[in-house]
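Okay, so here's the structure we're looking at.
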Amino acid sequence: MGKVSQLVGASALALMISSPAFADMEAARRWVDSEFQPSTLSKEEQLKELEWFIKAAEPFKGMEINVVSETITTHEYEARTLARAFSEITGIKLRHDLIQEGDVVEKIQTQMQSGKNIYDAWVNDSDLIGTHFRYQQAVPLSDWMTGEGKDVTLPTLDIKDFIGISFTTAPDGKIYQLPDQQFANLYWFRYDWFQRPDLKQKFKAKYGYELGVPVNWSAYEDIAEFFTNDVKEIDGVRVYGHMDYGKKDPSLGWRFTDAWLSMAGNGDPGIPNGKPVDEWGIRMEGCRPVGSSVERGGDTNGPASVYAVAKYVEWLKKFAPPNAAGMTFSESGPIPAQGNVAQQMFWYTAFTADMVKSGLPVVNADGSPKWRMAPSPKGSYWKDGMKLGYQDAGSWTLLKSTPVDRRKAAWLYAQFTVSKTVSLKKSHVGLTFIRESDIWDKSFSERAPKLGGLIEFYRSPARVQWTPTGVNVPDYPKLAQLWWQNIGDASSGAKTPQQAMNALAAAQDSVLERLEKSKVQGDCGPKLNKKESADFWYDKSKKDGNVAPQRKLTNEKPKGETIDYDALIKSWPAQPPKRS
């Protein structure tokens, strides 16, 4: 969470939008004609939807509403364009603040703890779904939309069209947040280099299989070694087979909580998150987290997790540019676009817009990319049915401490920013899709060749295996900060991967224990399992038909396996799924 806001590096931005003298259909028509194209709706349908907003906003005309989100391209578009449009159309004055993601988390915590209204609505990552569900400070939107907020809930909102609604649904079956933007963490590679006959021949001669999109971590490692140590130089430029970052910094925590362990095979099968053990290694029984260390039935310090960290450290040292280990997330982000990296397993699709700009070394003269994105390879502990990567889902969140009239006015704006009237255009600007209907629109079929596989991925059945942090994590802010501190020790060499993960598991269990003793989270708060031997839990998981925690494999590097990129995307469906 917050990864791209750090890369953008913008300072706090606040935009106060002035309301015109009147709010009417004339403003709506002007915006539909000048800005809200393309749309999955006809202009007539757009105007009908905007007419509903005008009528619903009548009681709130002249109010000044404050909302906040992190700083990424999508939210900049909302703050600079959609907020102004909303104000002109409805007469509600809108201040949309853009701040760093860490500040969003800090401020929402402050409002939850103090009860003082800071913002009227929040774009808050769905990674906090377990936090919101347990602390009960967020308004359950399922109840709101059919109850107190029914009169301000858009009839054409179409909840089933949102591709991330399962991410914002808690164990009680209620929706707590409404997705506003989403982006995934995928595999990125130099398609042009992978297509070169001379490199393909050399790779197959050495490794015995084709150079292509790696299906497993073994192949990724072989490709990294090949480009770093065998190819070494392309067109006079020193090249590397891997890119990452390793500085002990808060951004290092995202590097791992964003599903790195699940990519290796930590946790249990289950979508959107493993059951009973999730990708953080936290076991949940019923709705209660019961431990993250192996001795309590978790998997944070199990063999699969240690393997994940060990490979991260090894690849960073062996195959990445020498200065990568001292970089933060924001410093490492632009490196692949400079043209000397062959592949990167941990790459966010939110960078797509910046990676297709003309003039870059990784963009052809005709504007098409020299690179592609593809599904991430699987670690040796990975089993069918497990999640395979992370998807960020910044989602609209309402808090109970916000006065109802302000909450209603803010809810109108939140729905406006995700309505079918504006969502397709917003998707083209930020490339952070939230609606199935937008993904399959003909405008993206036309644009797909310039986006390096982004559209093909989001239309593919593989998409469901990329999910945010889930409900097993009972207090995201408290637990997330433990990761970078402990992983940083492994990255720097101060601790072995096993020692670092032991420390992390113990620290997480300590937080769970404090939450349990406080009883602040009620019947779904943590309740720690008693400690048992690792063998006890290995045997129990097998007996129960689960996976986690797994015993250490005798061979953590099976033979590498790849697939041809063009064959891969041709195997995906060419038509949208039927709506139930």
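Remember, predicted model here, so these are calculated numbers, not experimental data. What you see below is based on every heavy atom in this structure, not just the backbone, and it leaves out hydrogens, waters and symmetry mates.
Classification of Glu148 and Lys150 as a salt-bridged pair fails, no side-chain N sitting under 4.0 Å from a carboxylate O. Between Arg283 and Asp299, no side-chain nitrogen of the basic residue sits less than 4.0 Å from a carboxylate oxygen of the acidic one, so the salt-bridge criterion is not met. Contact check on Arg95 versus Asp97 returns a salt bridge, with a Lys/Arg side-chain nitrogen under 4.0 Å from an Asp/Glu carboxylate oxygen. Classification of Glu331 and Lys247 as a salt-bridged pair fails, no side-chain N sitting under 4.0 Å from a carboxylate O. Lys408 and Asp151 are joined by a salt bridge, as a carboxylate oxygen and a charged side-chain nitrogen come within less than 4.0 angstrom of each other. Salt-bridge check for Arg288 with Glu285: failed, with every basic side-chain N at 4.0 Å or more from each acidic carboxylate O. Salt bridge status for Asp120 with Arg407: absent, with no side-chain N to carboxylate O gap under 4.0 Å. Taking the charged nitrogens against the carboxylate oxygens, Asp539 and Arg551 do have a contact shorter than 4.0 Å, which makes a salt bridge. Using a 4.0 Å cut-off between charged side-chain N and carboxylate O, Asp161 and Arg435 make a salt bridge.
The ring-ring contact (aromatic ring centres under 6.0 Å, His included) search around Tyr312 returns Phe256, not counting sequence neighbours. Scored by the side-chain hydrogen bond (donor to acceptor under 3.5 Å, both in side chains) test, Asp405 finds no partners at all (sequence neighbours excluded).
With rounding to the nearest 0.5 angstrom, the OG atom of Ser423 is 11.0 Å from the CZ atom of Phe416. Taken to the nearest 0.5 Å, the CG atom of Leu431 stands 7.5 Å off from the OG1 atom of Thr74. Once rounded to the nearest 0.5 Å, the distance linking OG of Ser262 with CG of Asp278 reads 9.5 Å. Considering CD1 of Ile72 and OH of Tyr77, their distance stands at 14.5 Å, rounded to 0.5 Å.
Side-chain atoms of Trp537 and Glu295 form no donor-acceptor pair, as typed in the model, at a separation below 3.5 Å. Using a 3.5 Å distance cut-off with no hydrogens or angles, the side chains of Asp509 and Ser293 do pair a donor with an acceptor. Residues Asn117 and Ser401 bring no donor and acceptor atom of their side chains to less than 3.5 Å of each other. A donor atom on one side chain and an acceptor atom on the other are found under 3.5 Å apart for Ser305 and Asn266.
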Using side-chain hydrogen bond (donor to acceptor under 3.5 Å, both in side chains), reason through Glu556 and Ser380 one step at a time and then give a plain yes or no. CA-CA 6 Å; Glu556 291 184 332; Ser380 59; 5.5 Å; no

Starting from the C-alpha separation in whole Å, work towards a yes-or-no answer on ring pair (Phe, Tyr, Trp, His ring centres under 6.0 Å) for Phe457 and Trp466. CA-CA 11 Å; Phe457 171 77; Trp466 276 255; 5.1 Å; yes

Run Asn502 and Gln498 through side-chain hydrogen bond (donor to acceptor under 3.5 Å, both in side chains) and show every step you take. CA-CA 6 Å; Asn502 285 346; Gln498 182 71 69; 3.0 Å; yes

Determine, step by step, whether Gln136 and Tyr176 satisfy the side-chain hydrogen bond (donor to acceptor under 3.5 Å, both in side chains) criterion, reporting the C-alpha distance in whole Å, the side-chain angles of both residues, the deciding distance to 0.1 Å, and the verdict. CA-CA 10 Å; Gln136 292 295 299; Tyr176 279 77; 3.2 Å; yes

CA sep, side-chain torsions, deciding dist, call: Asn185, Asp258, side-chain hydrogen bond (donor to acceptor under 3.5 Å, both in side chains): CA-CA 8 Å; Asn185 187 346; Asp258 288 1; 5.2 Å; no

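Although no hydrogens or angles enter the test, the distance criterion places a donor-acceptor pair under 3.5 Å between the side chain of Gln550 and the main chain of Tyr381. No donor-acceptor pair under 3.5 Å is formed between the side chain of Gln508 and the backbone N or O of Ile282. Side-chain atoms of Thr300 do not come within 3.5 Å of backbone N or O of Gly298 as any donor-acceptor pair. Thr349 places a side-chain N or O within donor-acceptor distance of the main-chain N or O of Ala184, the cut-off being under 3.5 Å. At distances below 3.5 Å, not a single donor-acceptor pair connects side-chain atoms of Gln100 with backbone N or O atoms of Gly102. Using modelled atom types, one side-chain atom of Asn301 and one backbone atom of Val294 make a donor-acceptor pair closer than 3.5 Å. Side chain of Gln485 to main chain of Gln481: a donor-acceptor pair is present (N/O by atom type, distance under 3.5 Å, no hydrogens or angles). A distance-only check finds no donor-acceptor pair linking the side chain of Glu221 to the backbone of Trp315 [under 3.5 Å]. Put simply, the side chain of Ser491 never gets that close to the backbone of Ile487: no donor and acceptor are under 3.5 Å apart. The backbone N or O of Pro468 lies less than 3.5 Å from no partner atom in the side chain of Asp127, so there is not a single donor-acceptor pair.
Taking every heavy atom of both residues into account, Ser142 and Thr146 meet most closely at O-OG1, 3.0 Å. A pairwise comparison of heavy atoms in Pro474 and Leu515 identifies CG-CD1, 4.1 Å as the closest pair. Closest non-hydrogen pair, Ser427 versus Asp438, comes out as OG-OD2, 3.6 Å. Nearest heavy-atom pair across Ser292 and Leu512 is N-CD1, 4.4 Å. Pro276 and Asn472 make their closest contact through O-ND2, 3.2 Å (heavy atoms, listed as atom of the first residue, atom of the second, distance).
Two residues are said to be in side-chain contact when any heavy atoms from C-beta on lie closer than 4.5 Å; Met373 and Thr352 meet this criterion. Counting heavy atoms from C-beta on, the side chains of Lys426 and Glu78 come closer than 4.5 Å. Side-chain contact check for Met243 versus Trp347: every heavy-atom pair is 4.5 Å or farther apart. Two residues are said to be in side-chain contact when any heavy atoms from C-beta on lie closer than 4.5 Å; Pro179 and Thr168 meet this criterion. Residues Arg463 and Ile439 form a side-chain contact, since some pair of their non-hydrogen atoms from C-beta on lies under 4.5 Å apart. A heavy-atom distance below 4.5 Å is not found between the side chains of Gln177 and Leu398. Within the 4.5 Å cutoff, the side chain of Ile108 has heavy atoms near those of the Leu399 side chain. With contacts defined as side-chain heavy-atom distances shorter than 4.5 Å, the pair Tyr413/Ile92 does not qualify.
Screening residues 483-547 for disulfide (SG to SG under 2.5 Å), with sequence neighbours left out, gives Cys287-Cys524.
Using bins of under 30°, 30° to 60° and over 60° for the plane-to-plane angle, the ring pair Trp411/Trp144 lands in the perpendicular bin. Aromatic ring orientation, His96 versus His75: tilted (interplanar angle from 30° to 60°).
The neighbour count for Lys383 NZ, taken as heavy atoms of other residues, nucleotides or ligands under 6.0 Å away, is above 12.
Tyr476 pairs with exactly one of Trp483, Trp280, Trp254, Phe133 by the ring-ring contact (aromatic ring centres under 6.0 Å, His included) rule, that one being Trp280. Between Phe167 and the options Thr467, Ile175, Asp392, a side chain to side chain contact (heavy atoms under 4.5 Å, CB included) holds for only Thr467. The one candidate from Tyr307, Trp382, Tyr187 that meets the ring-ring contact (aromatic ring centres under 6.0 Å, His included) condition with Trp217 is Tyr307.
Taking the ring axis of Phe329 as reference, the NZ or CZ atom of Arg255 does not stay both within 45° of it and closer than 6.0 Å to the ring centre.
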